[in-house]
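To start, the structure itself, in structure tokens.
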Amino acid sequence: MSEYEIETVDMETVDVGAEVGADEGPAPVVAVVGRPNVGKSTLVNRILGRREAVVEDVPGVTRDRVAYDATWSGRRFTVVDTGGWLPDSSGLAAAIAEQARLAVDLADVVMFVVDATVGATDVDEAVVEILRRAGKPVVLVANKVDDAGTEADAALLWSLGIGEPHPVSALHGRGSGDLLDAVLEALPEEPPAETFAEAGGPRRVALLGRPNVGKSSLLNKLAGENRAVVDAVAGTTRDPVDELIELGGREWRFIDTAGIRRRHRENQGADFYATLRTQSALERAEVAVVLVDAGEPLAEQDLRIISMVVESGRALVIAYNKWDLLDEERRHYLEREIDRQLHNARWAPRVNISAKTGRHVEKLVPGIDAALEGWGTRVPTSKLNQFFADLVNSHPHPVRGGKQPKVLFATQAGVRPPRFVLFTSGFLEEGYRRFIERRLREEFGFEGTPLDVTMKIREKRGKGRK
């Protein structure tokens, strides 16, 4: 390997294993609210420093993806770009109350955007009343203050009675830094870094699944009493409910979450915010138990939820609910569906249960234990590199364009989930990377956990450099 260059930044990557184990926890949420067309999405793009939110000079454009990760002065937070409020058939007051309540319930801080060139309208004043009752910190944004001459317009917004108006131009960036400083001041104090699997602390389990699949029924069966609301109407549960539950002789912290619907654009009002709460619950969890209705074909929603867990890097257990109601034919077809559709999560432990009767729910414990063990597995560097040496010798990468890339050196950069960095002499094709992941699992286990495998491509010394 001495004939290859390895940059300093890469060696830092090798050494990060000593820092593994800390988790920053979920970021605080900043909701951007206001009337249609006051510049909310433009402001969100300004905060992000890139064009993410859809911006058009048409009210009501914001519908689909509205949550974004942002940082300012080293502090991270999640920005939620909400749709503007318009009166509907139920009347202006009802429409404003429902939308504002949901946004404010979710947020740690509310950025209330007003068009300074128009001034405070009746709609703005109605929203202010709701914000006052909610008791959440509010940062008043006087948008469209493009020059010093319009700052007087911003000053008039003191009349809303919710504090100092912060004059900004979301379009040109004027005043945005001062505004973000004010937002950081309003955020709750940053909690200390959270460490997974603290000594003596209960492990955290998120219950996920599409609406009405039996999550609350399972939680109630595990708890031994009716603690979560159970109703035949899909989507009854809207807030995550944490429960300390004894199972298998140990205490666990279970997080019951609202069901995830098919797509964000189908999530109107409460359902959309329930999806965001579900994402927050997943961030707080170490392992996710995804409930699937065994009596129905695997749906796109099921696969999307499983993908969501994989992308989050959390350990995964798949629980097939209503298993006691299946006949032999359905069980046969279910096995075929699993093999065909769960190709990205075949490594997840599968448990067959009945949330209603409690049958086999105790089998969740070995499944969760196996997933958590895989999630925290570390392979010694010497053992890992011997594995790759044998792998490259027995199954080398195909030759492409007269070149054959090789794995020069590998290290496990972290756990929870296991993260591997491969230093290579060239780009490894996706099929070969999948082959590597499959062989890693065959050799070292990693049951119940996604694997993160990245490459650092190195060139030979004296080549490609000046």
Side-chain angles (χ1 to χ4, degrees), residues 1 3-4 6 10-11 13-17 20 286-288 290 303 306-318 335-350 366-459:
M1 196 174 115
E3 63 178 317
Y4 289 89
I6 293 186
D10 295 330
M11 295 311 297
T13 305
V14 173
D15 294 334
V16 298
V20 170
E286 298 171 90
V287 56
V290 176
L303 302 178
I306 290 169
S307 295
M308 186 175 163
V309 176
V310 173
E311 290 167 7
S312 75
R314 297 303 186 256
L316 171 65
V317 175
I318 302 176
E335 287 297 323
R336 292 178 60 182
E337 288 171 19
I338 292 169
D339 290 339
R340 185 176 67 252
Q341 295 181 261
L342 290 182
H343 53 84
N344 66 329
R346 290 196 180 107
W347 38 262
R350 302 203 300 262
I368 293 171
D369 278 338
L372 287 171
E373 182 179 354
W375 196 54
T377 296
R378 177 180 292 282
V379 180
T381 300
S382 58
K383 195 172 182 180
L384 186 66
N385 281 280
Q386 184 59 55
F387 162 79
F388 274 106
D390 295 341
L391 182 69
V392 170
N393 287 332
S394 59
H395 295 88
H397 191 286
V399 177
R400 294 289 185 265
K403 297 181 180 179
Q404 187 175 47
K406 296 181 179 180
V407 179
L408 307 171
F409 179 76
T411 184
Q412 184 172 353
V415 294
R416 308 183 183 101
R419 300 187 300 276
F420 297 92
V421 180
L422 311 182
F423 297 90
T424 69
S425 62
F427 182 80
L428 304 181
E429 293 178 352
E430 183 181 356
Y432 195 73
R433 297 199 304 273
R434 287 198 301 268
F435 166 70
I436 287 174
E437 178 178 338
R438 186 171 69 251
R439 290 300 301 271
L440 279 170
R441 293 185 184 281
E442 290 172 0
E443 182 72 19
F444 303 112
F446 297 118
E447 183 180 8
T449 181
L451 298 183
D452 181 7
V453 180
T454 58
M455 293 178 292
K456 292 284 186 180
I457 301 174
R458 297 277 64 84
E459 296 177 336

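Scope of the values below: all heavy atoms of this structure, side chains included, with no hydrogens, waters or symmetry mates.
- Scanning both residues, Pro418 and Gln412, for their nearest heavy atoms gives CB-NE2, 3.7 Å.
- Between Thr424 and Met455, the shortest heavy-atom contact is CG2-CG, 4.4 Å.
- Here Asp452 contributes atom CG and Glu311 contributes atom CD; the two are 12.0 Å apart, rounded to the nearest 0.5 Å.
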Could you walk me through whether Arg438 and Arg346 pass side-chain contact (heavy atoms from CB on, under 4.5 Å), step by step?
-> CA-CA 10 Å; Arg438 186 171 69 251; Arg346 290 196 180 107; over 6 Å; no
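- Side-chain contact between Pro349 and Glu447: present, with at least one pair of heavy atoms (C-beta onward) separated by less than 4.5 Å.
- Of all the heavy atoms in Arg416 and Gly376, the pair that sits closest is CG-CA, 4.2 Å.
- Aromatic ring orientation, Phe420 versus Phe446: perpendicular (interplanar angle above 60°, classes split at 30° and 60°).
- For the pair Trp375 and Val287, the minimum side-chain heavy-atom distance is 4.5 Å or more.
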Per-pair distances, 0.1 Å, donor-acceptor, side chain in residues 338-345, under 3.5 Å, sequence neighbours excluded:
unit_1 : atom_1 : unit_2 : atom_2 : d
Asn344 : ND2    : Ser307 : OG     : 3.4

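- The CG atom of Leu303 sits 9.5 Å away from atom CD of Glu337, with the distance rounded to the nearest 0.5 Å.
- The CG atom of Leu451 lies 6.5 Å from the CG atom of Leu440; values are rounded to the nearest 0.5 Å.
- The shortest heavy-atom contact between Glu286 and Leu372 is CB-CD2, 4.0 Å.
- The two residues Pro405 and Leu428 make their nearest non-hydrogen contact at CB-CD2, 4.0 Å.
- When every heavy atom of Ala371 is checked against every heavy atom of Val317, the shortest pair comes out as CB-CG2, 3.9 Å.
- Remark: Tyr432 engages His397, Phe435 in a ring-ring contact (aromatic ring centres under 6.0 Å, His included) (not counting sequence neighbours).
- Salt bridge Lys383/Glu443: absent, no basic N to carboxylate O contact under 4.0 Å.
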Could you walk me through whether Arg439 and Glu442 pass salt bridge (Lys or Arg N to Asp or Glu O under 4.0 Å), step by step?
-> CA-CA 5 Å; Arg439 290 300 301 271; Glu442 290 172 0; 3.3 Å; yes
List the steps and the verdict of side-chain contact (heavy atoms from CB on, under 4.5 Å) for Ile436 and Leu422.
-> CA-CA 11 Å; Ile436 287 174; Leu422 311 182; 3.9 Å; yes
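- A search for ring-ring contact (aromatic ring centres under 6.0 Å, His included) contacts involving Phe388 returns nothing, not counting sequence neighbours.
- Annotation: side chain of Phe387 is not in contact with side chain of Val407 (no heavy-atom distance under 4.5 Å).
- Put simply, CH2 on Trp347 and CG on Leu316 are 5.0 Å apart, with the number rounded to the nearest 0.5 Å.
- At distances below 3.5 Å, at least one donor-acceptor pair connects side-chain atoms of Ser425 with backbone N or O atoms of Lys406.
- The backbone N or O of Val453 sits nowhere less than 3.5 Å from a side-chain atom of Arg433 that would complete a donor-acceptor pair.
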